[in-house]
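Before any comments, here is the structure.
Positions are given from 1 along the sequence.
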Amino acid sequence: MRSNPPRALIAALTSLSLVLGHPAAIGVASEQAPNLLADETAPLEVSQGDPAAALSYADEDPNELLSQQSLEGTDDAQAGEDTQEPAEADDKDHVVGEDQKDIPDDQGDADVTVTLDDQSDAPEQESTPELEIVADGEASLSQDIEVVTQDETSVVVLDAKEASDEPDADEEQVAPSIAVRSYMQGSGWAKKWSTQGSVAGRPGKGRRLEALKLRIDNAGSLSGTVKCRTHVQGVGWQRWENAGSVAGSPNKGRRIEAMQIKLTGGLAKKYDVYYRVYVKGVGWLAWAKNGALAGSTGLCLQVEAMRIKLVAKGAKAPATGASSWAKPQFGKLKVGYASKVSGTWQDTVYNGKTSGTTGQSLPVRGLRMSLGGASADEAGSIVYCAHIRNSGWTDWGTNDSKIVSRGTGKYLDAVKVKLKGTASRVYDVWYRAHVQGIGWMGWTRNGSSAGSIGANKRMEAVQIRLVPKYKAKAPGSTANSFLDWTIMKGLDAAKFSRSITSFGGYAMSTKIAKGLKSAVDGIRGRGYDVGFIMMDLQSRKGVAYNCDAMFYGASSIKGPYIASAVYKHPEAIRNYQHNITEAMFYSWDYDYKQVLAAYGKGPMRTWCAESGVRKSIAEGLPWVNYNARELAKLWGRTYLLYQQSSAGEQLGKWSERPNISTIHATLGGKYRTRSKAGWIDAGGPTSSSVNGGGPLWRVSDDGGIVYAKNGAYVMAIMSSVPANHNVLNALTAAIDAAHTAM
């Protein structure tokens, strides 16, 4: 029967030394056991309360002999015989006894018994009991040491186990863990932290979770931390907070509705963080992982509790289930819709199917839509309107209302769709239009415009589908969902005047007007003429001066022409990449003319028609005369191309860093700009109506798109400044100041 050593005996023992091959003295402290390894040591613990208590240590090398170690709580003086240096061990695990005989190596696992002789007559603190080491079969140092009392003899039993270089599991570093502390409605901060998957909060009690703190325990030398952000009632997504900081709004009466949690640094490389939330009326959602969204937005549902845990990469993870986002609590909705084509209503289709026609050049002349799968009282309704060519937007219809175009040449060219009621909090409604000459455009949602207006391009088909908000993904690409050719028409509102004017409802301040006039006077004071126009592409507000005065366009025509060629022939981006980039970057005439020779004037004719400018501009290629308003319109159409196709997007990127451009030089450090300038300083014929009567070919022109912080705008400047764009920089800055003030 195993038991603990007598307390009196343990108190008398002062040190331990196991020297293989020699008798050794033992000392045992009642509070802490010695370190047994000479080089790499680990604590040796003795349990006084457990009859089967074990002493453990890290056995890095079982061939290495044990050196004498001092014990805490004992005298520094060492009792008994001096310890000898350990002998060099051979390759075979063994224990050498007093007779120096090797233990036979054909034995299996065995116990090494250390017998403690009765030393009851020995004086205290003068000597220690001697040990007799008895080896039975081949043995190596074990991971477990058990102290057994047999009558008057205490025996230390070392279980002989096969030697290994692997550290004992009990001695491995404690794995990092994560803890959360919750702030609950009515009770404040929880008294205790919830760790590794335990519940934080009060699920099902109707109390909202208002804030939380996170911490990482036992991270050791691992770098990084845990970060959390919460979606809060009436606030939305808050900023990311590090471990120890408060995420949420404690004591503000605002519920947490969703959260995201992620790791950084070394922690993120070795661990995944899993978390789940309990949502009122829904219950526990599935586990989310590494920054994924957990909870809901737009449903007005409070989080009442959460759980969180760290899981080593590659280890078994919690089952994630279907979704960590709250799902609708009523039947699955579906949207039905039908189109009127060639005087006939087609059959209703559902959830993403095509209504209308493609490849037949037939316009959609009517639409109707409805929701199915739930009652209107339960789910709400679907509402929609359409843009009819030359008539504008219709009123909103709802639940099977018919929107129809009437009259010759009338058809639908754009559409808007949105949800009302409960459905709007659970679903996004996504839709896209198939447009004449373009094809399927990008997906848009929830009341935004799909299709095109202002270019007389018919809508030929439509697709609509509902997507639960927790999925938060579009059915496909969202690029080029809507094109508004009325951008170019907005420029028509500017008056042709030799005074600084504003248009589109822009109330220009005196300060802005003076800044623009000063810049213009600076150019005119040098004997040069100038004209400009600028318009915000969203609000259609703008400023202008002398915008219809004719100037020689020089190389400024290269930007719009190359855009027209890419629009009609997208393969030009690949086939003429070198020529396009050289013409846009460095304005080389040779490369521009290579593209012009390949595609001719046809693309530019289309560009002029869609931009609302004279077709004679196309006929005048390769070099033309035009004014600032016309150049701005050509760039307005180019702005649409950037959104219209991948080829257009690539051309836009190639237009961002021209070698010479007052737009890029002045504003490129603040914003993204896309522009193409023209300049020349050669002699030529004069004209009394063009260029102020000076040399026709002495000009510095620029046009392009500026993506300012308060919205994108189009700008065009034409001048008779001879090949010196620096003269235009002050005017460019003054125009940008006018836009900033809008």
Would you find more than 12 non-hydrogen atoms of other residues, nucleotides or ligands less than 6.0 Å from Gln538 atom CD?
no

For Arg239, all residues meeting salt bridge (charged side-chain N to carboxylate O under 4.0 Å, His left out), sequence neighbours excluded
Glu241

Who pairs with His664 by ring pair (Phe, Tyr, Trp, His ring centres under 6.0 Å), at least two apart in sequence or on another chain?
none

Ignoring hydrogens and angles, tell me if any N or O in the side chain of Asn546 forms a donor-acceptor pair with the backbone of Val530 under 3.5 Å.
yes

Tyr337 side chain to Gly352 main-chain N or O, any donor-acceptor pair under 3.5 Å?
yes

To the nearest 0.5 Å, what is the distance between CE on Met508 and NZ on Lys514?
12.5 Å

Those residues at least two apart in sequence (or on a different chain) that pass ring pair (Phe, Tyr, Trp, His ring centres under 6.0 Å) with Trp345 are none

Pair Tyr626-Ser556, side-chain donor/acceptor within less than 3.5 Å:
yes

Interatomic spacing from CZ in Phe585 to CD in Glu656 - rounded to 0.5 Å
9.5 Å

Run the salt bridge (charged side-chain N to carboxylate O under 4.0 Å, His left out) test against Lys457 and tell me which residues pass, sequence neighbours left out.
Glu610

Sequence neighbours excluded, the answer for ring pair (Phe, Tyr, Trp, His ring centres under 6.0 Å) partners of Tyr431 is none

If we count only N and O atoms by modelled type, under 3.5 Å, do the side chains of Ser720 and Asp529 hold a donor and an acceptor together?
no

Minimal non-hydrogen separation, Tyr576 against Val595, with atom names
CB-CG2, 4.3 Å

Taking only residues two or more places apart in sequence or in another chain, which ones pass side chain to side chain contact (heavy atoms under 4.5 Å, CB included) with Ala268?
Leu263

Residue pair Ile705 / Trp635, side-chain heavy-atom distance below 4.5 Å
yes

Considering all heavy atoms, the nearest Lys653-Arg674 contact:
N-NH2, 3.9 Å

Salt-bridged, Lys517 to Asp521, with N to O below 4.0 Å?
yes

Just checking, any donor-acceptor pair under 3.5 angstrom between side chains of Ser555 and Lys558?
yes

Would you call the rings of Tyr639 and Tyr707 parallel, tilted or perpendicular, taking 30° and 60° as the class edges?
tilted

Looking at residues at least two apart in the chain, or sitting in another chain, which of them share a ring pair (Phe, Tyr, Trp, His ring centres under 6.0 Å) with Trp607?
Tyr567

Are any of the side-chain heavy atoms of Cys608 and Met604 separated by less than 4.5 Å?
yes

Quick one: list whatever passes side chain to side chain contact (heavy atoms under 4.5 Å, CB included) with Thr357, sequence neighbours left out.
Val341, Gln346, Gln360, Leu362

On a heavy-atom basis, the closest approach of Asn351 and Val335 is OD1-N, 3.0 Å

salt_bridge(Asp548, Arg629) N-O dist < 4.0 Å:
yes

Does the side chain of His725 come within less than 4.5 Å of Trp679's, by heavy atoms?
yes

Establish, from distance only, whether the side-chain atoms of Ser700 and Asn724 form a donor-acceptor pair under 3.5 Å.
no

Report yes or no: does Thr478 contribute a side-chain atom to a donor-acceptor pair with the main-chain N or O of Ala474 at less than 3.5 Å?
no

Can you sort out the partners of Ser616 under side chain to side chain contact (heavy atoms under 4.5 Å, CB included), two or more places apart, ordered by chain and number?
Arg614

Contacts of Ile388 that satisfy side chain to side chain contact (heavy atoms under 4.5 Å, CB included) - sequence neighbours left out
Ser391, Thr394, Ser405, Lys410, Leu412

Distance check, rounded to the nearest 0.5 Å: Met742 atom CE versus Asn710 atom CG?
8.5 Å

Gap separating the OG atom of Ser661 from the CG atom of Leu728, nearest 0.5 angstrom
10.0 Å

Whether the Ser339 and Ser355 side chains hold a donor-acceptor pair (N or O, under 3.5 Å, no angle test) is what I'd like checked.
yes

So, Ser587 and Lys676: side-chain donor and acceptor under 3.5 Å apart, yes or no?
yes

Measure the shortest side-chain to side-chain distance between Tyr427 and Val467 over non-hydrogen atoms and say whether it is less than 4.5 angstrom.
no

Checking Thr662 against Asp702: is there a side-chain donor and acceptor pair closer than 3.5 Å?
no

List the atom of Phe532, the atom of Val520, and the distance in Å for their closest heavy-atom pair.
CE2-CG2, 3.9 Å

Looking only at heavy atoms, which two atoms of Ala647 and Val566 are closest? And how far apart?
CB-CG1, 3.8 Å

Who passes salt bridge (charged side-chain N to carboxylate O under 4.0 Å, His left out) against Lys670, sequence neighbours left out?
Asp736

Go through Val714 and Met534 one step at a time and tell me if the side-chain contact (heavy atoms from CB on, under 4.5 Å) criterion holds.
CA-CA 6 Å; Val714 61; Met534 179 275 290; over 6 Å; no

State plainly whether the residues Asp428 and Arg445 are in salt-bridge range, i.e. N to O under 4.0 Å.
yes

State, with a plain yes or no, whether a side-chain heavy atom of Thr444 is found less than 4.5 Å away from one of Phe482.
no

N/O donor-acceptor pair under 3.5 Å between Tyr552 side chain and Arg698 backbone:
no

Interatomic distance, CH2@Trp440 vs CD@Glu460, rounded to 0.5 Å, equals 9.5 Å

Would you say the side chains of Asp536 and Ser539 form a donor-acceptor pair under 3.5 Å?
yes

The criterion is salt bridge (charged side-chain N to carboxylate O under 4.0 Å, His left out); which residues satisfy it with Asp484, sequence neighbours excluded?
Arg540

Would Thr666 and Asn729 satisfy side chain to side chain donor-acceptor pair (under 3.5 Å), going step by step from the backbone distance to the final call?
CA-CA 6 Å; Thr666 306; Asn729 289 350; 3.3 Å; yes

What I'd like to find out is whether the side chain of Arg365 reaches to under 4.5 Å of the side chain of Val404, using heavy atoms alone.
no

Taking C-beta and beyond as the side chain, do Gln463 and Trp443 meet within less than 4.5 Å on heavy atoms?
yes

Check step by step if side-chain contact (heavy atoms from CB on, under 4.5 Å) holds for Val624 and Tyr561.
CA-CA 11 Å; Val624 298; Tyr561 175 76; over 6 Å; no

Verify, without hydrogens or angle tests, whether Lys416 (side chain) and Tyr384 (backbone) share a donor-acceptor contact under 3.5 angstrom.
no

Beyond-backbone contact of Met441 with Leu483, side-chain heavy atoms, under 4.5 angstrom:
yes

